[in-house]
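Here is the naming used below: chain letters follow the sequence lines, and residue numbers restart at 1 for every chain.
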Amino acid sequence: MVRVRFAPSPTGYLHVGGARTALFNWLFARKMGGKFVLRIEDTDLERSSQEMSFEILQALRWLRLEWDEGPIYQSRRLVIYRRMAERLVREGKAYYCYCTKEEIEERRRASGKKVWKYDRRCLHLSQEEKERFEREGRPRAVRFLVPPGVTEYQDLILGRVSVKNDEIEDFVLLKSDGYPTYHLSVVVDDHLMKITHVIRGADHIANTPKQILLYRAFGWEPPLFAHLPLILGKDRKKLSKRHGETSVLAFRERGIVSLAMVNFLAQLSWSPGEDKDFYTMEELAERFSLEKVRKSNPIFDLDKLAWLNSKVISALSAGDIWPELLPFLEREGIKEESEAKKDWVFRVIELIKERSRDLLEMARKIKRYIRNDFDYSEDALRKHWKEGAKDGLRRLRQVYAGLDSLDAASAEASLRALAEEMGVKAARLIHPLRVALLGERVSPPIFHVVEVLGKEEVLLRIDRALRELPDV
RNA sequence: GCCCCCGUCGUCUAGCCAGGUUAGGACACCGCCCUUUCAAGGCGGCGGCAUGGGUUCAAGUCCCGUCGGGGGCGCCA
């Protein structure tokens with residue numbers, strides 16, 4: 001049984017890199033019929049916060065990456081890590097280190113080297129020295145005794161990775177305050193939670209040999225490892241705050257739909273190798289495989305995300321869009337009205353979705369359909385409110401008022417007939433009508449707009465334009 | 001500095017593992033078509049195997065060097 005996990009540390013919001021890691025784990029679990037475990041690595045009490053844990057869960061829910069087990073908080077498992085560290089000390093695979101940060105810094109400086117490995121001073125302490133330190137009540141950390149040799153593993157994405165053990169220093173397992181370091185807690189938990197595949201960012205490559213050594217020291221079988229290429233910013237540096245918004249929830253705020261975000265993330269470093277723009281979550285899971293993950297670092301490109309978003313919005317039904325749209329309707333102050341005439345708003349959504357890049361824009365457009373007190377855009381007036389506009393609109397109003405029913409077909413036929421009668425091109429009537437109905441330079445095909453607004457509302461809006469817009 | 005990883009259009013990528021294609025698609029950009037506007041759609045254009053060597057009848061694909069990029073080197077995770 002495949003078991004994978006996503007193990008964020010709640011020291012910040014969920015950024016796009018973390019979200020992609022979570023997504024790939026989720027996809028792999030779904031593909032393999034396995035389990036996806038969520039574990040919160042909050043052992044750094046200084047930097048972790050409850051709010052951030054909550055934020056991360058929110059983000060995962062938005063992306064629909066539901067977890068099968070958890071969230072498991074490491075901060076509640078401290079006794080386990082301590083016991084495990086003690087076990088290694090007892091077995092001579094780890095040792096107490098009484099060096100203070102200052103002493104280490106001092107020796108590092110004295111060595112004159114930029115990089116300095118721990119010198120194992122405390123490994124060679126005499127019995128008397130140890131006893132003295134203990135009597136003095138000096139705080140002690142537990143360091144792992146790195147054995148000689150070479151550590152190799154077969155990365156599911158990168159292939160064989162090999163590191164000489166003498167490149168690795170005796171890293172700390174248990175800090176002197178009794179909290180575990182990442183290496184200890186991650187290995188203990190992954191083993192206890194029976195994780196079979198560790199899928200994480202490439203920034204962990206160098207940690208892997210250390211952790212494998214730990215598995216061996218405990219006598220445990222290590223899981224398989226897969227390291228995902230790091231997502232880079234436009235400057236080709238690891239994506240961070242300096243590249244603008246990288247929090248996934250910030251994209252939700254900007255009107256990106258969840259499915260677009262997922263598809264965008266999924267297709268960074270991975271490709272199903274088909275000519276298809278986007279997939280449902282299920283389709284992604286079906287097609288996913290670690291072998292198809294590329295090794296090189298992709299660059300985060302907002303253009304592609306924006307395009308994908310408009311594609312997804314166009315493809316989704318009004319009903320699918322609705323739940324994600326609600327917060328934006330609320331922002332525009334039209335949530336209640338929209339809910340009251342939901343079916344009608346659905347018709348509007350179907351009309352405008354193909355031209356909406358994001359939900360922000362969509363909500364703004366919907367407002368013009370719901371409310372007829374909009375401002376006429378300067379742009380629209382300049383472009384379409386020209387000579388004869390008012391006169392044409394006046395005559396069009398008469399025609400429309402005389403019609404029994406005003407649907408797209410009759411609206412178009414009667415407008416074209418009127419244009420012919422007046423000896424002008426239909427566009428001379430169409431554009432002023434567009435300005436009158438929505439106050440914007442561009443819109444969906446105007447006769448569809450007429451139909452969805454309905455006769456009464458159309459006449460109302462024409463009257464308003466005749467009343468308020470300047471004579472030309 | 002040391003260690004590890006990577007290198008196909010500006011960007012995301014297919015092709016590489018099992019050498020033989022005019023190196024394919026998508027985004028962006030630029031034209032044209034369609035058209036009541038804007039999108040969408042259709043057609044076309046621009047643009048790439050980092051580089052040097054080797055193996056081979058044949059190299060984007062295999063090997064080595066160089067260059068370039070990234071990551072790591074914490075009592076952070």
What residues in residues 308-317 of chain A put a non-hydrogen atom under 4.0 Å from any atom of RNA chain B?
-> A:K311
Under a 4.0 Å heavy-atom cutoff, the residues of residues 433-449 of chain A touching RNA chain B are A:R434, A:R441, A:V442, A:S443, A:P444, A:P445, A:I446, A:F447
Identify which nucleotide among B:G72, B:C12, B:G69 has an atom closest to any side-chain atom of A:I299, counting heavy atoms from C-beta outward.
-> B:C12
Look at the side chain of A:E167 and the backbone N and O of A:K164, then say whether any donor-acceptor pair between them is shorter than 3.5 Å.
-> no
Which one, B:C12, B:A77, B:U11, comes nearest to the side chain of A:K304?
-> B:C12
Between A:Y153 and A:H227, what is the ring plane arrangement, given parallel below 30°, perpendicular above 60°, and tilted in between?
-> perpendicular
Which nucleotide sits closest to the side chain of A:V161: B:C5, B:G70, B:C27?
-> B:C5
Of the nucleotides B:C12, B:C4, B:C75, which has the atom closest to the A:L268 side chain?
-> B:C12
For atom CD of A:E46, is the number of surrounding heavy atoms from other residues, nucleotides or ligands below 6.0 Å larger than 12?
-> no
Picking from B:C76, B:G70, B:C75, the nucleotide nearest the side-chain atoms of A:R47 would be B:C76
Salt bridge or not for A:R108 and A:E105, using N-O below 4.0 Å?
-> yes
Would you tell me if any nitrogen or oxygen in the side chain of A:R236 comes within less than 4.0 Å of OP1 or OP2 on B:U11?
-> yes
Determine which pairs satisfy salt bridge (Lys or Arg N to Asp or Glu O under 4.0 Å) with at least one residue from residues 378-390 of chain A, sequence neighbours left out, and list them in order.
-> A:D379-A:R382, A:D379-A:R441, A:K390-A:D471
Separation of B:C12 atom C1' from A:L302 atom CG, nearest Å, is 13 Å
A:D275 atom CG is separated from B:G41 atom C1', nearest whole Å, by 15 Å
How many angstroms lie between atom CD1 of A:I231 and atom CG of A:L265, to the nearest 0.5 angstrom?
-> 5.5 Å
Side chain of A:I430 (C-beta onward), nearest among B:A77, B:C75, B:U36 | B:U36
Name the closest nucleotide to the A:W307 side chain, picking from B:A77, B:A28, B:C5.
-> B:A28
Separation of atom CH2 in A:W116 from atom C1' in B:C75, rounded to whole Å | 13 Å
is_close_aromatic(A:F218, A:H191), centroid dist under 6.0 Å = no
Using a cut-off of strictly less than 4.0 Å, decide whether A:R416 has a side-chain nitrogen or oxygen near OP1 or OP2 of B:U36.
-> yes
Check whether any side-chain heavy atom of A:F264 sits under 4.5 Å from a side-chain heavy atom of A:F300, and report yes or no.
-> yes
Closest of B:U37, B:C76, B:C4 to the A:D44 side chain is B:C76
Begin with the C-alpha distance, continue with both residues' side-chain angles, and end with the deciding distance and a verdict on side-chain contact (heavy atoms from CB on, under 4.5 Å) for A:Q211 and A:V198.
-> CA-CA 11 Å; A:Q211 292 166 13; A:V198 171; 6.0 Å; no
Distance-only donor-acceptor check, side chains A:N207 and A:Y182, under 3.5 Å = no
Do you know which of A:L14, A:I256, A:I56 makes side-chain contact (heavy atoms from CB on, under 4.5 Å) with A:V248?
-> A:L14
Take atom CG of A:D155 and atom C1' of B:C17, then tell me their distance rounded to the nearest Å.
-> 16 Å
d(CG, A:L351; P, B:U37) in whole Å = 16 Å
Using heavy atoms and a sub-4.0 Å distance, could you list which residues of residues 353-362 of chain A are near RNA chain B? By number, please.
-> A:E354, A:R355
Of all heavy-atom pairs linking A:Y279 and A:L259, the shortest is O-CD1, 3.6 Å
Residue A:D303, side-chain atoms from C-beta onward, closest of B:U36, B:G70, B:A28 | B:A28
Map A:C99 and A:A202 onto RNA chain B by nearest heavy atom, then report which one ends up closer to the 5' terminus.
-> A:A202
With a non-hydrogen cut-off below 4.0 angstrom, is A:H227 in contact with a base, only sugar-phosphate, or nothing?
-> nothing
Name the orientation class of the two ring planes belonging to A:F374 and A:Y376 (parallel below 30°, tilted from 30 to 60°, perpendicular beyond 60°).
-> perpendicular
Qualifying residues under side-chain hydrogen bond (donor to acceptor under 3.5 Å, both in side chains), relative to A:E421, sequence neighbours excluded | A:R395
Verify the contact: side-chain N or O of A:R294 to OP1 or OP2 of B:U8, cut-off strictly under 4.0 Å; return yes or no.
-> yes
Residues touching RNA chain B, which here means a heavy atom under 4.0 Å, drawn from residues 172-191 of chain A | A:V172, A:K175, A:S176, A:P180, A:T181, A:Y182
Measure the distance from CZ on A:R200 to C1' on B:C76 and round it to the nearest whole Å.
-> 14 Å
